[in-house]
Participant: 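Encoded as structure tokens, here's the structure I'll be asking about.
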Amino acid sequence: MLDNIYQVMRVTERIPEGKCGATLVLDGELPCQAGQFVMVWLPGVEERPFTLVNDTPVTLTVAAIGPLTRALAGLEVGARVWLRGPYGHGFPPPGRRLLVLGGGSGIASLALLARRALAEGAEVRTYIGARTTDLLMLPWYPHWSTLTLTTDDGSQGIHGNVLQAAAEQFAWADGIYACGPEPMLAALARSRRSDWPPCWINLERVMRCGIGVCGSCHCGSHLVCADGPVFNLEQVTAELLAPPH
Amino acid sequence: MSPSLAVDLAGLRLANPLVLASGIWGCAAETLVRAARAGAGAVTSKSCSVAPRTGHPNPTVLPWAGGLINAVGLANPGAAEERLILQEAHKSLIPLGVSLIASIFGSTPDDYAEAAELVAGAQPEILEVNISCPNVASEFGLPFALEPDAAAAVTRAVRAAYAGRVFIKLSPNAVNIVEVAAAAAEAGADGFTAVNTLGPGMLIDITARRPILSNRVGGVSGAALRPIALRCIHDVTRAIGLPVIGTGGVDSGEAAIQMIMAGASAVGVGSALLGEGDAVFSRLQREMLTIMQHEGIASLEEIRGCAHAG
Ligand SMILES: Cc1cc2nc3c(=O)[nH]c(=O)nc-3n(C[C@H](O)[C@H](O)[C@H](O)COP(=O)(O)OP(=O)(O)OC[C@H]3O[C@@H](n4cnc5c(N)ncnc54)[C@H](O)[C@@H]3O)c2cc1C
Ligand SMILES: Cc1cc2nc3c(=O)[nH]c(=O)nc-3n(C[C@H](O)[C@H](O)[C@H](O)COP(=O)(O)O)c2cc1C
Ligand code: FES
């Protein structure tokens with residue numbers, strides 16, 4: 001019996017993202033649901049979770065914030081990357097009118113959902129926010145007809161946060177999809193109204209196993225790696241609104 | 001009459017023998033309680049030490065063909081913080097009738113005693129003393145569980161510091177596990193959890209041409225460990241009249257029954273949560289009941305240690 005823990009893939013294309021990141025296109029496939037993730041290992045560096053921005057070919061978008069992400073963002077074409085997965089539960093099949101809300105680099109987790117929905121003829125309205133234009137990461141997307149950028153300091157796009165900018169769209173959508181910093185998701189949970197369509201969010205936690213064993217990724221009683229990383233907003237509202245420990 | 005899964009563990013009544021093993025899920029009160037709601041008869045928290053620890057860098061936990069290998073490196077928030085987690089868990093566990101087992105570890109007998117005092121405030125039903133983690137040897141040296149005198153020294157220190165039930169967690173790596181258990185029993189242990197992970201072992205990625213775990217080596221658990229665990233539990237319970245939580249590779253009702261036949265009073269479940277999550281507890285209960293009905297077993301007490309004969 002083979003262990004087959006990792007699949008090894010090579011970088012075929014590297015696209016810089018903003019000042020601090022990169023999208024890596026790899027030479028393999030890992031069929032997945034939008035929202036699922038892989039554990040990515042660079043021997044001698046680290047292993048961490050990353051959303052599959054595309055599965056055919058496998059594509060990762062990384063924000064360089066630490067040792068592994070800096071090493072990944074600096075990889076040259078031809079370099080090797082080790083992956084295990086895909087893991088977790090992705091988004092349920094979307095409807096026809098998707099409101100996509102991404103904060104910071106969180107938008108990476110929503111790219112595949114949006115792209116597949118567009119390909120099936122759905123309408124997607126996307127709002128991407130960042131603190132300043134420097135931090136804005138635009139992952140590898142197809143052409144967007146309705147992409148709105150916001151920055152907290154007004155240096156690019158609309159001045160303000162994503163939730164304010166998208167306020168008018170909540171009634172239009174038949175599904176809301178959000179990923180971003182926890183304060184943004186908490187704000188979404190606080191402003192949630194009963195006449196909104198279903199809200200799905202993608203949570204991030206520090207992970208070790210990625211497969212529901214160690215417990216380090218817990219959010220309340222939920223394990224983000226195995227029960228998520230996609231949750232219905234209602235499932236995790238109490239945890240999002242709880243004061244931090 | 002339908003068979004009963006209830007067992008006695010050192011004077012505690014468990015509705016069923018299944019125990020969530022230490023280090024699986026148990027970093028938080030909420031996940032411990034969730035395992036209890038899903039059907040565990042008792043739950044064990046992640047081992048904690050006096051000082052907080054960040055543990056080893058990733059990769060730390062990997063699935064392989066025979067189960068899991070891990071070198072988490074005993075990451076924990078420290079025993080004082082852990083006490084709050086245990087207290088919160090206990091509040092919800094008491095009405096469920098599910099026992100709480102608090103796991104501690106340390107680097108010296110005094111260190112263990114201090115950790116025991118720190119978590120005592122949470123009043124766990126059992127204090128489990130982890131003297132057998134195989135993946136921190138580079139830092140702490142060989143585990144206390146490998147040597148009778150060392151195991152006795154830790155047991156004595158904890159015994160003096162803690163009034164409640166003390167279970168010593170044994171290692172399958174001990175040259176003579178019965179001698180280690182006997183020394184701990186003599187020093188005041190009330191029972192044992194047997195066994196911790198085996199090894200350490202190593203996995204190598206052939207394309208990276210190096211060990212996968214950042215710690216290079218880690219403890220082996222899951223199916224690969226089961227036959228060894230069964231032998232350890234058999235030997236310890238046959239020689240020593242103290243209760244044992246039989247742990248190692250239990251992933252079916254059949255394996256759980258084997259543990260009881262080997263002499264275990266309760267059955268730890270860890271790696272089997274992989275893939276299935278907490279649904280494993282209700283499945284194992286169903287499978288045990290089916291076997292008991294089929295084999296005409298009314299209670300687990302009836303078969304406990306039956307494999308000692310002959
Ligand atoms: C399901 C999931 C999907 C993810 N997808 C992506 C993705 O597509 N692209 C991407 O760039 N990043 C993604 N992340 C986050 C990514 O795993 C972290 O950026 C990465 O761990 C950083 O590793 P590092 O070694 O570079 O930095 P580290 O030194 O590990 O981290 C730098 C800082 O970030 C914090 N941090 C580390 N991991 C996390 C985490 N998981 N959640 C919150 N804070 C963290 C650390 O505490 C530290 O302060 C995802 C995380 C999860 C859980
Ligand atoms: C990821 C992981 C972490 C563990 N952490 C601990 C721990 O902190 N303390 C401890 O006593 N045992 C720990 N163990 C060992 C288990 O409690 C158990 O003894 C062992 O895994 C064998 O049981 P299993 O085959 O059912 O997993 C850990 C095991 C795994 C897989
Ligand atoms: S990362 Fe281990 S349980 Fe989620």
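Residue numbers begin at 1 in each chain, while the letters A, B, ... track the order of the sequences. When reading the values below, keep in mind they use all heavy atoms of this one structure, side chains included, and skip hydrogens, waters and symmetry mates.
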Participant: Which of the residues A/Ala226, A/Gly220, A/Gly212 is involved in the greatest number of heavy-atom pairs with chain B at under 4.5 angstrom?
Facilitator: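 Highest number of heavy-atom pairs under 4.5 Å: A/Gly220.
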Participant: Which atoms of B/Leu32 are under 4.5 Å from chain A, going by heavy atoms: the side chain, the backbone, both sets, or neither?
Facilitator: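 For B/Leu32, there is no contact with chain A at all, as no heavy atom is under 4.5 Å.
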Participant: Taking C-beta and beyond as the side chain, do A/Pro43 and B/Asp205 meet within less than 4.5 Å on heavy atoms?
Facilitator: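 Side chain of A/Pro43 against side chain of B/Asp205, heavy atoms only: no contact under 4.5 Å found.
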Participant: Find the distance between CG (B/Leu203) and OH (A/Tyr6) and round it off to the nearest 0.5 Å.
Facilitator: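 The CG atom of B/Leu203 sits 9.5 Å away from the OH atom of A/Tyr6.
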Participant: Would you compute the distance between atom CH2 of A/Trp82 and atom CD1 of B/Ile212 and round it to the nearest 0.5 angstrom?
Facilitator: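 Atom-to-atom, A/Trp82:CH2 and B/Ile212:CD1 are 11.0 Å apart.
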Participant: Against chain A, work out which of B/Pro211, B/Pro59, B/Ala35, B/Ala208 has the most heavy-atom pairs shorter than 4.5 Å and name it.
Facilitator: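 Most heavy-atom pairs under 4.5 Å with chain A: B/Pro59.
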Participant: Going from OG1 on B/Thr60 to CE on A/Met207, what distance comes out if it is rounded to the nearest 0.5 angstrom?
Facilitator: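 If we round to the nearest 0.5 Å, B/Thr60:OG1 and A/Met207:CE are 12.5 Å apart.
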Participant: If I compare all heavy atoms of A/Cys214 with all of B/Val61, which pair ends up nearest, and what's the gap?
Facilitator: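 Looking at all heavy atoms of both residues, the shortest contact is CB-CG2, 4.5 Å.
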Participant: Looking at every heavy atom in both B/Cys27 and A/Ser216, which two are closest together, and how far apart are they?
Facilitator: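 Taking B/Cys27 first and A/Ser216 second, the nearest heavy atoms are SG-N, 4.0 Å.
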Participant: Taking every heavy-atom pair that is under 4.5 Å apart, which of A/Arg48, A/Arg80, A/Met39 has the most such pairs with chain B?
Facilitator: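 Ranked by contacts with chain B, first place is A/Arg80.
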Participant: Heavy-atom pairs under 4.5 Å with chain A: which of B/Ile206, B/Leu84, B/Ile24 has the most?
Facilitator: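 Most heavy-atom pairs within the cutoff with chain A belong to B/Ile24.
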Participant: So which atom in B/His56 and which in A/Arg208 form the shortest heavy-atom distance, rounded to 0.1 Å?
Facilitator: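 Reported closest heavy-atom pair: O-NH1, 3.7 Å.
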Participant: Can you tell me how far CG of A/Leu68 sits from CG of B/Asn58, rounded to the nearest 0.5 angstrom?
Facilitator: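 Here the interatomic distance stands at 9.5 Å.
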Participant: Please state whether the side chain, the backbone, both or neither of B/Thr207 comes within less than 4.5 Å of a heavy atom of chain A.
Facilitator: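 Backbone plus side chain of B/Thr207, per the 4.5 Å heavy-atom cut-off to chain A.
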Participant: Provide the closest heavy-atom pair for B/Arg210 versus A/Gly44 in the form atom of the first, atom of the second, distance.
Facilitator: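 Taking B/Arg210 first and A/Gly44 second, the nearest heavy atoms are NH2-CA, 3.6 Å.
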Participant: Would one find more than 12 heavy atoms of other residues, nucleotides or ligands at under 6.0 Å from atom CD of B/Glu276?
Facilitator: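 It does: B/Glu276 CD has more than 12 such atoms within range.
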Participant: Tell me whether the count of non-hydrogen atoms from other residues, nucleotides or ligands lying under 6.0 Å of CZ in B/Arg216 goes above 12.
Facilitator: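 Count not over threshold, so no.
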Participant: To the closest 0.5 Å, what do you measure between CZ (B/Arg34) and NE2 (A/His222)?
Facilitator: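 B/Arg34 atom CZ to A/His222 atom NE2 measures 7.5 Å (nearest 0.5 Å).
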Participant: Checking heavy atoms, do the side chain of A/Leu223, its backbone, both or neither come under 4.5 Å from chain B?
Facilitator: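 Contact with chain B is through both the backbone and side chain of A/Leu223.
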Participant: Heavy-atom distance under 4.5 Å to chain B: side chain of A/Val8, backbone, both or neither?
Facilitator: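 For A/Val8, side-chain heavy atoms alone lie under 4.5 Å from chain B.
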